Amino acid sequence: MKIANRIENLPPYLFVTISKKIAEKRARGEEVISFGIGDPDMPTPSRIIDTLCQAAREPANHRYPESEGLPELRQAIARWYQQRFDVVLDPETEVLPLIGSKEGIGHMAWCMLNPGDVALVPDPAYPVYAISTALADAEPYYIPLTATSGFLPDFEAIPGDVIKRAKLLWLNYPNNPTGAVADIAFFEKAVAFARANDIVICHDGPYTETAYEGYRPPSFLQAHGAKEVGIEFHSLSKSYNMTGWRIGMAVGNAVMIDALKRFKSNMDSGVPQAIQLAAIEALNGPRSEISRHNDIYQRRRDLIVETLLDMGLEVDTPKASLYVWAKVPKGYTSAGLATELLEQVGVVVTPGNGYGVQGEGYVRLSLTISDASLVKGLSKLATWKGMMGRSKSKS
Ligand SMILES: *Cc1c(COP(=O)(O)O)cnc(C)c1O
């Protein structure tokens with residue numbers, strides 16, 4: 001059988017390859033500790049589960065939901081944005097619940113790009129931005145994010161002929177995989193760039209609630225004029241430990257929201273209603289829950305950073321996100337170090353080049369690992385000798 005070229009040419013999703021390697025090792029009876037995927041290890045708060053269980057028993061929730069989501073959920077999302085960011089949204093036209101934000105992110109290219117158009121995609125980045133662009137027969141143009149510019153893109157460095165063909169700019173702060181953050185002034189620069197060049201912005205912001213030491217990351221929509229040029233994707237996955245329930249949202253520009261709604265209504269039949277009711281409960285809940293989870297992540301972050309520094313890796317302590325982005329020691333590649341750590345000490349880290357060419361020379365460690373595994377994983381890492389031994393920097 002011959003499948004379509006667009007699937008034939010698709011690289012396997014990053015974590016599929018890594019999961020396979022882990023499974024092989026475990027099948028051989030070896031212990032593997034994974035700092036790989038960013039998937040909260042702590043359970044969904046029980047008040048949310050209780051709402052979900054109750055809603056699951058209600059026959060009204062057994063039927064097809066509406067594609068555009070319950071009005072009560074759209075209102076809860078608008079209220080949450082107002083309280084958290086002081087951003088005003090019209091729940092009728094500027095809010096769209098999604099089956100996890102990945103669903104909307106993946107479909108957005110189809111809504112905004114014609115074949116041959118260019119999407120400006122950060123490198124390194126969450127792989128979906130570039131892949132969905134290619135699936136829509138459009139072309140990703142990679143804008144490098146480097147340590148020297150704080151992993152923020154330099155719009156002035158994009159060639160004029162690329163800008164002419166560009167229709168869409170992807171941004172993501174707090175950033176996966178680098179842990180970098182952006183302020184409102186940066187978002188305003190992006191809005192000015194988009195406006196001047198007739199480009200729309202999709203900001204992916206699932207980590208605005210996952211921040212440390214009192215830092216509160218802004219929403220892209222707080223930038224003056226943002227709603228005229230773009231939308232923001234948000235998610236309950238990371239803030240409320242709800243990755244498994246698949247619930248997120250797109251908010252902002254009404255034309256873009258409407259395009260996504262029209263696309264969606266032809267592709268899926270909306271978020272299961274019981275999940276929507278659970279999401280309302282989540283959004284209306286106390287902040288203290290999120291702070292408690294962040295305290296745990298912060299402690300893990302500090303332990304991981306300390307161990308990596310001891311190993312001779314160069315690393316900044318991230319102010320937000322669930323990731324530590326570490327530079328591999330001299331003489332290593334991303335894949336080389338990741339392979340060596342897996343083979344020698346049974347620890348999984350994600351090779352940075354999986355997020356793009358600019359990710360080469362880095363590995364990513366996720367904070368979503370249970371405390372017990374974390375302790376085990378760090379002590380395994382501490383036994384790693386590296387190809388030059390480890391005494392050099394400790395003399
Ligand atoms: C986790 C993640 C998402 C996906 O979130 P879902 O709402 O669970 O689909 C989107 N973007 C980035 C950058 C992520 O890390």
Side-chain angles (χ1 to χ4, degrees), residues 13-16 18 35-42 44 48 69 73 77 80 95-109 119 121-133 140 145 151-153 168-182 201-211 217 219-220 230-252 260 264 267-268 270-272 275-276 278-279 282-283 293 297 318 320-325 350 352 354-356 358-359 364-369:
Y13 194 66
L14 179 58
F15 289 103
V16 174
I18 295 168
F35 291 89
I37 200 161
D39 185 355
D41 57 297
M42 294 177 272
T44 309
I48 301 170
L73 174 56
I77 291 169
W80 186 86
V95 175
L96 181 64
L98 299 169
I99 311 170
S101 60
K102 187 179 183 181
E103 178 244 308
I105 294 166
H107 287 155
M108 205 57 212
V121 176
D123 173 7
Y126 185 59
V128 186
Y129 316 140
I131 302 261
S132 59
T133 301
L145 306 184
F151 300 105
L152 297 172
L168 172 61
L169 164 66
W170 281 103
L171 295 173
N172 160 227
Y173 295 98
N175 187 256
N176 175 11
T178 67
V181 297
I201 295 178
C202 289
H203 180 250
D204 184 16
Y207 299 104
T208 60
E209 306 315 291
T210 315
S219 159
F220 162 69
I231 58 172
E232 180 160 86
F233 289 97
H234 211 294
S235 175
L236 279 73
S237 286
K238 316 290 166 48
S239 333
Y240 298 98
N241 303 339
M242 289 178 73
T243 49
W245 302 115
R246 310 310 304 131
I247 175 83
M249 61 270 213
V251 295
L260 192 51
K264 263 181 78 62
M267 295 292 283
D268 63 62
V271 181
I275 306 280
Q276 294 192 52
L283 292 168
H293 294 144
Y297 290 134
S321 87
L322 293 173
Y323 309 106
V324 174
W325 185 240
T350 311
Y355 300 93
Q358 300 292 333
R364 193 195 76 170
L365 283 82
S366 167
L367 309 180
T368 57
I369 174 171

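Counting convention: from 1, in listed order, for ligands and their atoms alike. Note that the structure is a prediction, hence the values are computed from the model and not measured.
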Undergrad: Side chain of Asp123, backbone of Gln358: donor and acceptor closer than 3.5 Å?
TA: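 Yes.
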Undergrad: At a 4.0 angstrom heavy-atom cut-off, what protein residues surround ligand 1?
TA: Gly100, Ser101, Lys102, Ile105, Tyr126, Tyr129, Asn172, Asn176, Asp204, Pro206, Tyr207, Ser235, Ser237, Lys238, Arg246
Undergrad: What heavy-atom pair brings Ser235 and Pro206 nearest, and what distance separates the two atoms?
TA: CB-CB, 4.1 Å
Undergrad: Do we see a donor-acceptor contact under 3.5 Å between the side chains of Thr368 and Asp41?
TA: no
Undergrad: Under 30°, 30 to 60°, or over 60°: which ring-plane class applies to Tyr129 and Trp170, parallel, tilted or perpendicular?
TA: parallel
Undergrad: With under 30° as parallel and over 60° as perpendicular, where do the rings of Tyr173 and His203 fit, or are they tilted in between?
TA: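 Geometry flag for His203 against Tyr173: parallel rings.
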Undergrad: Do the side chain of Asp204 and the main chain of Asn172 share a donor and acceptor less than 3.5 angstrom apart?
TA: no
